[in-house]
S.K.: 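Structure in C-alpha cells, see below.
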Amino acid sequence: MAAPETAWAEAWPTRAIKIVVSTPAGGITDAFARAYGDYISQKLGQPVIVENKPEPAVRWRHSR
C-alpha cells in the first residue's frame, strides 16, 4: 500500500500587496484603504502599499 502524498502549501502572499484607490490622497476612501492595508499587513505579515490613481473619468462621473 502506498503512503499518501503530503502537499506543502507555500506561504502566501510572497510579495507586497498593492491596493489601488481611484480617488485622490487624503479623502475618506484613502483613509479607509490605508487602515485596511495596515490590518491586512498585520494579519498576513506582508507589506501593503496603497496607491492613489485618480482617473479623470471617475472624477467627472462623481462631479455631476
Side-chain angles (χ1 to χ4, degrees):
M1 185 181 275
E5 292 184 31
T6 304
W8 296 98
E10 292 182 31
W12 181 88
T14 58
R15 57 186 173 175
I17 300 167
K18 184 187 289 187
I19 299 174
V20 179
V21 180
S22 64
T23 58
I28 189 70
T29 306
D30 177 55
F32 178 78
R34 292 181 189 282
Y36 188 63
D38 289 342
Y39 174 78
I40 293 172
S41 180
Q42 290 173 3
K43 292 294 180 184
L44 298 179
Q46 292 292 332
V48 175
I49 301 165
V50 176
E51 184 176 335
N52 295 85
K53 284 192 169 186
E55 298 291 328
V58 172
R59 282 185 273 158
W60 178 77
R61 268 190 302 224
H62 291 294
S63 66
R64 288 181 150 206

S.K.: Applying salt bridge (charged side-chain N to carboxylate O under 4.0 Å, His left out), can you list everything that pairs with Lys43, at least two apart in sequence or on another chain?
M.R.: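 For Lys43, no residue satisfies salt bridge (charged side-chain N to carboxylate O under 4.0 Å, His left out) once neighbours in sequence are set aside.
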
S.K.: Of all heavy-atom pairs between Gln46 and Ala16, which one has the smallest distance, and what is that distance?
M.R.: OE1-N, 4.3 Å

S.K.: Which pairs count as salt bridge (charged side-chain N to carboxylate O under 4.0 Å, His left out) when at least one residue sits in residues 15-29, sequence neighbours excluded?
M.R.: Lys18-Glu51

S.K.: Going by salt bridge (charged side-chain N to carboxylate O under 4.0 Å, His left out), name the residues that satisfy it together with Asp38, two or more places apart in sequence or in a different chain.
M.R.: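 Listed in chain order: nothing, the list is empty.
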
S.K.: Is there a path of hydrophobic side-chain contacts, each under 4.5 Å between heavy atoms of I/L/V/M/F/W/Y residues, joining Tyr39 to Ile19?
M.R.: yes

S.K.: Do you know which two heavy atoms are closest between Ser41 and Pro47, and how far apart they sit?
M.R.: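 Scanning both residues completely, I find the closest heavy atoms to be OG-CA, 4.0 Å.
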
S.K.: Using distance only, find each side-chain donor-acceptor pair of residues 24-35 under 3.5 Å and give its atom names and separation, not counting sequence neighbours.
M.R.:
residue: Asp30; atom: OD1; partner: Arg34; partner atom: NE; Å: 2.9
residue: Asp30; atom: OD1; partner: Arg34; partner atom: NH2; Å: 3.3
residue: Asp30; atom: OD1; partner: Asn52; partner atom: ND2; Å: 3.2
residue: Asp30; atom: OD2; partner: Gly26; partner atom: N; Å: 3.0
residue: Asp30; atom: OD2; partner: Arg34; partner atom: NE; Å: 3.2
residue: Arg34; atom: NH2; partner: Asn52; partner atom: OD1; Å: 3.1

S.K.: How many angstroms lie between atom OG of Ser22 and atom NZ of Lys53, to the nearest 0.5 angstrom?
M.R.: 11.5 Å

S.K.: Output all residues satisfying side chain to side chain contact (heavy atoms under 4.5 Å, CB included) with Ile17, sequence neighbours left out; order by chain, then residue number.
M.R.: Pro13, Ile40, Leu44, Val48

